[in-house]
Asker: 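Starting off with a structure, shown below.
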There are 2 protein chains.
Amino acid sequence: MREGPTITTIAKRAGVSIASVSRVLNGLPTRQETVRKVMAAAEELGYVPNSVARSLKSARTNQVAFAMADIGNPVYLAMVREIQPVLKAAGYRLVLHSTGADVGEEIEVLRSLGERYVDGLILIPLRVTDELVEAIAAARAPVVVIGSVPDGLRVDNVRTDSRTGLRLALDHLYALGRRRIGFVNGPLDTVPGAARAGAYRDALAALGLPYDPDLVEIGDFNRAEGAAATSRLLARAPDVDALMCANDLIALGALHVLRRAGRRVPQHVAVAGMDDIDLAADAWPAVTSVSLGSAERGRAAAELLLDRLRDGDREPRIITVPPRLVVRASTVGEDAAPSGPADPAVPEQTRPGAPERTGTRFPRAVPERTAPGEDVVREGGG
Amino acid sequence: MREGPTITTIAKRAGVSIASVSRVLNGLPTRQETVRKVMAAAEELGYVPNSVARSLKSARTNQVAFAMADIGNPVYLAMVREIQPVLKAAGYRLVLHSTGADVGEEIEVLRSLGERYVDGLILIPLRVTDELVEAIAAARAPVVVIGSVPDGLRVDNVRTDSRTGLRLALDHLYALGRRRIGFVNGPLDTVPGAARAGAYRDALAALGLPYDPDLVEIGDFNRAEGAAATSRLLARAPDVDALMCANDLIALGALHVLRRAGRRVPQHVAVAGMDDIDLAADAWPAVTSVSLGSAERGRAAAELLLDRLRDGDREPRIITVPPRLVVRASTVGEDAAPSGPADPAVPEQTRPGAPERTGTRFPRAVPERTAPGEDVVREGGG
DNA sequence: TTGTACGCGTTATCAT
DNA sequence: ATGATAACGCGTACAA
C-alpha cells in the first residue's frame, strides 16, 4: 500500500514532462516514441489517475447522491436497484444517504451539495415543508425530486398519481360487491398520507358510498403499525368487508391481524395495498396492490438527472408514472379444498396498461403450477 | 445555482487574506475583529467549503465504499443498514457498489481504489479467486473483507462460522427425530456454497447418518431457484422428513413447494434456513434459521475499517461472529384447530447465546397475542 | 496577528 | 510535438 504514483512520477521515469504524460494518458496527439515511453512507465508503476485532483480541475465528481428515508423500505430499495446501474452505466458512482424521514436531515443533505462532493442529487422526501422547498430551490447542484412538490418549484420531478391509483383499487373493491371499505392510512403529515386520505374520500364519494370515520385508521407506513391500526379498525367496525391499505407493508400487517382474528381473506375481508412491492406478490394470499412504478420512477429520476447533468440549462421537466392495479388473491381468491388440486388459478391482471411483471418470480421450470393466486386455495382451509 | 463562493471570495468581501479566512474557518487563534468580519462575509455569501479541494490537500475523502453482489439481497441489505449509520456518525459518506456477484467487477472496484475517491472499502465477495486475493493484497486503500479469505492474506476480516451454524441446525433436526435430512445448497463454486456442502457431510457423519446424494440438490441462493431445487429433491427423495436450506431465501422457496405438494411443515417435513433474514421470521410458518449475524458483521466491518483509518499500521484483525440457531415454527410447530383459540405458543429460542431479537416486530400494543411462533398453531389447519 | 507563497495532482494554455 | 506554467480551492509553513 505504498504511495501511489502521479503523473510527475511517470514523467521522471519516462524522461518527459508532465504535460506529455497528461497528453498521452488523455489520448491527445503525441509522438509514438513518447507514447510508448509514457505508457510503459505508467504500466510499470501501476498508475491510476487521482480522481480527486481530476475533480478539482474539472469541477465534476462523477458521483451522484440518492437520499431517502430508509433503504430498508422495499420501495426505496426497488428504486436504488434501478438507479444504481443506470448511473453506473453513465460513469457515475452512487452515494447513499439515509435520512430517517427527518426533514432536518434532508435539508442538511441539500445544503451539503455546496461541498461539491457530488454532481447531483436524487431526493425523495416524505414531508415537504416550506424550509425544504427553500432548500431545494437554493441547492448548489442539480436535484431531482421523486414525489409531489408544490407548483412553481422549478425542479426536475418524477411523480406518480396515487390518487388515481387508490381510485383504481376502490373501484375494484366496489365492483366485487364490497360496500364497507375500510382505510388504513399512514401519517397525515406526510405527502403520501395526506394525498391518500383525500383520494379515499373522493373515491368513496364518486362511488356513492358514505364516509364513515369508524372505517379509517392511521398508523405508520410499516407492517407493525399497519397491524395495530387494523386491529383498532376491526374493533370499531366489525362489519368491514374490505380494507384499503395505504401501502403494502400496512397490508401485510393487516393480513396478519385478519388471520389471527379468524377472518378469511378475501372471503370475509378483501385486502388491497399500494406500491406493489415484491412481498405483496409473495404473501399468502398474494396481495392485490396498486403499483406506483417504484422501479420506473427510480430509473426515470436517474435518467432525468443524467440528462440535466448534460444540459444544465434546459427547462425543468416533470415525469408522471401512471399507477396500475395488480389484482391478486387477496381480493379475488376463491375457496378450495385444503390439500386438493388447485382450482383454476386466478390470473393476475394489470390495469390499465399491459401486464409488465408477474406476481411471482418462480421459473417455469418448477414442476408445480405456480400461477399467481394459487396460494389462496389453501388460505381458507378450515 | 450560481457559482459557489470560495475563500477568495470571502477574503475580498471581508478585506482580509485567504489565510485569515482559512484560519477563522478552521478555528485557529485569530483576532476577534477579523473573526467577526470573516464570519459575517461567509454567512452572507452562504459559504460552504469545497470538499474536493479539501480532499486533495488532506488526502482524505471522508468516503467509504461498500461492495457487495446485490443490495436486493436481504443479507447485504441488513449489513448496509448497519454500516451506514456507523460511518455517518464518524463523518464518512457511503459509496455503494453492486458487483452482481461478478469477480471481475469486484476486482475492478479494488483497482479503482487507486483513484483515491474513498478512504477505504468494505468488500463482501462471493467467490474468492486467486486474482481477487491478489487484488486485495495490492489494494491502494484499507480493505475489510466480510467472509472467509485464505490464511496468510493480511487483511482485516469479519467472518462467521457457517459450518458450526449448519451443525447447530442439523443437531436440532436430529434431536427432533428427523433422519432423512435433505440439503438444498447454493452453487458449489461460491465460498458459502462450498463451506456448507462440507459442513453438511461432516454434520451427518457426526450424527451417524449416511450421506445420500439423492438428498442433496443445488440451485442458486434465491427463492425461485430454491423452489426449483426443492422440487427436484422431493421427486428424487419423497421420504425426506427435513430440509436444511443453505439460506433463508431457498427455505422460503422450499416452503412454497412443500405447501403446493401438500406436505405439512413441520409435521411432514421440517424446514430450516440460514441467515435469519426478516422474511424468515415473518413467513408462514416462521422459519427456523441459523443467524449468521448479518447486522453484527456489518457493524463490525464498519468499525474495523474506521479503526484502521485511524491507525493504518496496526496488525490485521479477524473478528468472528458466532452463529445462533433461532428456532421457529417451521421445525417445532404443532397442529391446532384451524380457527380455534391459540395453542400455547411455541417460544422462540436462541442458541447458544441469549435471545437478542424476537421473531416478530409487532408492538406489544397490538391487541392480539403476537408471541413468536404463534402462526404455527394455524399452519397445519387442514 | 496577518499576509504571501507553495503544494496537493490534474488539465489546459501558451510558447517553443 | 513538447515543455513550462497557470489554474482549480484549500491548508499551512514561513515571513512580516
Side-chain angles (χ1 to χ4, degrees), chain A residues 2-39 41-42 45-63 91 112-119 140-141, chain B residues 2-39 41-42 45-63 91 112-119 140-141:
Chain A
R2 68 183 184 287
E3 289 309 305
T6 71
I7 53 173
T8 306
T9 325
I10 297 181
K12 284 177 184 152
R13 176 95 167 208
V16 298
S17 72
I18 63 167
S20 287
V21 175
S22 179
R23 268 188 291 264
V24 171
L25 295 175
N26 292 313
L28 297 181
T30 316
R31 184 161 50 118
Q32 275 308 314
E33 175 60 13
T34 308
V35 171
R36 220 185 37 69
K37 286 191 295 186
V38 169
M39 293 304 279
L45 295 169
Y47 171 79
V48 179
N50 183 311
S51 67
V52 177
R54 189 172 270 182
S55 291
L56 179 60
K57 180 66 184 169
S58 67
R60 298 183 62 258
T61 61
N62 293 313
Q63 292 191 160
S112 76
L113 291 179
E115 296 174 22
R116 302 269 169 220
Y117 65 96
V118 286
D119 297 336
R140 288 263 166 71
Chain B
R2 69 181 182 289
E3 290 308 304
T6 71
I7 53 172
T8 307
T9 325
I10 297 181
K12 284 177 186 154
R13 177 94 166 208
V16 299
S17 72
I18 62 167
S20 288
V21 175
S22 179
R23 270 188 291 265
V24 170
L25 294 175
N26 291 317
L28 298 180
T30 317
R31 184 160 51 118
Q32 274 307 315
E33 175 61 11
T34 308
V35 171
R36 221 185 35 69
K37 286 192 295 187
V38 169
M39 293 305 279
L45 294 170
Y47 172 78
V48 178
N50 183 310
S51 68
V52 176
R54 189 173 270 182
S55 291
L56 181 60
K57 179 68 183 170
S58 67
R60 299 182 61 256
T61 61
N62 292 314
Q63 292 191 160
S112 76
L113 291 178
E115 296 174 21
R116 301 267 169 223
Y117 64 95
V118 286
D119 298 336
R140 289 266 168 73

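Chain identifiers are assigned alphabetically (A, B, ...) following the order of the sequence lines, protein sequences preceding nucleic acid strands; residue numbering begins at 1 within each chain. Just so it is clear, the model here is predicted, and its values are computed rather than measured.
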Asker: Find the distance Leu28(A):CG to dT11(C):P and express it as a whole number of Å.
Answerer: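 Answer to the nearest Å: 10 Å.
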
Asker: Show each protein N/O and nucleotides 14-16 of chain C N/O combination with a separation under 3.5 Å, one pair to a line.
Answerer:
none

Asker: Please find the pair of heavy atoms, one from Ala14(A) and one from Ala41(A), that lie closest to each other, and give the distance.
Answerer: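 Distance-wise, the nearest heavy atoms are CB-CB, 4.1 Å.
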
Asker: How would you list, by chain and number, every residue that makes a side chain to side chain donor-acceptor pair (under 3.5 Å) with Asn62(B), sequence neighbours excluded?
Answerer: none

Asker: Would you list the atom pairs, donor with acceptor, under 3.5 Å between side chains in residues 23-32 of chain B and any protein atom, with sequence neighbours excluded?
Answerer:
unit_1, atom_1, unit_2, atom_2, d
Asn26(B), ND2, Ser22(B), O, 3.0
Asn26(B), ND2, Ser22(B), OG, 3.3
Thr30(B), OG1, Leu28(B), O, 2.7

Asker: Is it true that a side-chain atom of Arg116(B) and a backbone atom of Val48(A) form a donor plus acceptor pair closer than 3.5 Å?
Answerer: no

Asker: What distance separates Leu113(B) CG from Asp119(B) CG, expressed to the nearest 0.5 Å?
Answerer: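 Taking CG in Leu113(B) and CG in Asp119(B), the distance rounds to 10.5 Å.
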
Asker: With a 4.0 Å cut-off on heavy atoms, is Val52(B) in touch with a base, just the backbone sugar-phosphate, or nothing at all?
Answerer: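 No contact.
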
Asker: Please list, chain by chain and in numerical order, all residues satisfying side chain to side chain donor-acceptor pair (under 3.5 Å) with Thr34(B), sequence neighbours excluded.
Answerer: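 Residues passing side chain to side chain donor-acceptor pair (under 3.5 Å) with Thr34(B): none at all.
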
Asker: Between Tyr117(B) and Gln63(B), which heavy-atom pair has the shortest distance, and what is it?
Answerer: O-NE2, 2.8 Å

Asker: Each nucleotide N or O in nucleotides 7-10 of chain C that has a protein N or O under 3.5 Å away: list the pair and distance.
Answerer:
unit_1, atom_1, unit_2, atom_2, d
dG7(C), N2, Lys57(B), NZ, 3.3
dT10(C), OP1, Tyr47(A), OH, 2.5
dT10(C), OP1, Asn50(A), N, 3.1
dT10(C), OP2, Ile7(A), N, 2.7

Asker: Any idea which heavy atoms bring Val38(A) and Ile10(A) closest together, and the distance?
Answerer: O-CG2, 4.0 Å

Asker: Show every side chain to side chain donor-acceptor pair (under 3.5 Å) that has at least one partner inside residues 47-58 of chain A, sequence neighbours left out.
Answerer: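 Every pair satisfying side chain to side chain donor-acceptor pair (under 3.5 Å) with a residue in residues 47-58 of chain A: there are none.
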
Asker: Extract, from 5' to 3' on DNA chain D, the first and final nucleotides lying under 4.0 angstrom from some heavy atom of chain B.
Answerer: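 Range of nucleotides touched by chain B: dG9(D) to dT12(D).
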
Asker: When rounded to the nearest 0.5 angstrom, what distance separates OG1 in Thr9(B) from CD1 in Ile18(B)?
Answerer: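 Output value for this atom pair is 11.0 Å.
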
Asker: Provide the closest heavy-atom pair for Pro5(B) versus Leu45(B) in the form atom of the first, atom of the second, distance.
Answerer: CG-O, 3.4 Å

Asker: Compute the angle between the rotation axes at the two ends of the helix from dT1(C)-dA16(D) to dT16(C)-dA1(D), each taken over five pairs, rounded to 10 degrees.
Answerer: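 Terminal axis comparison yields 50°.
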
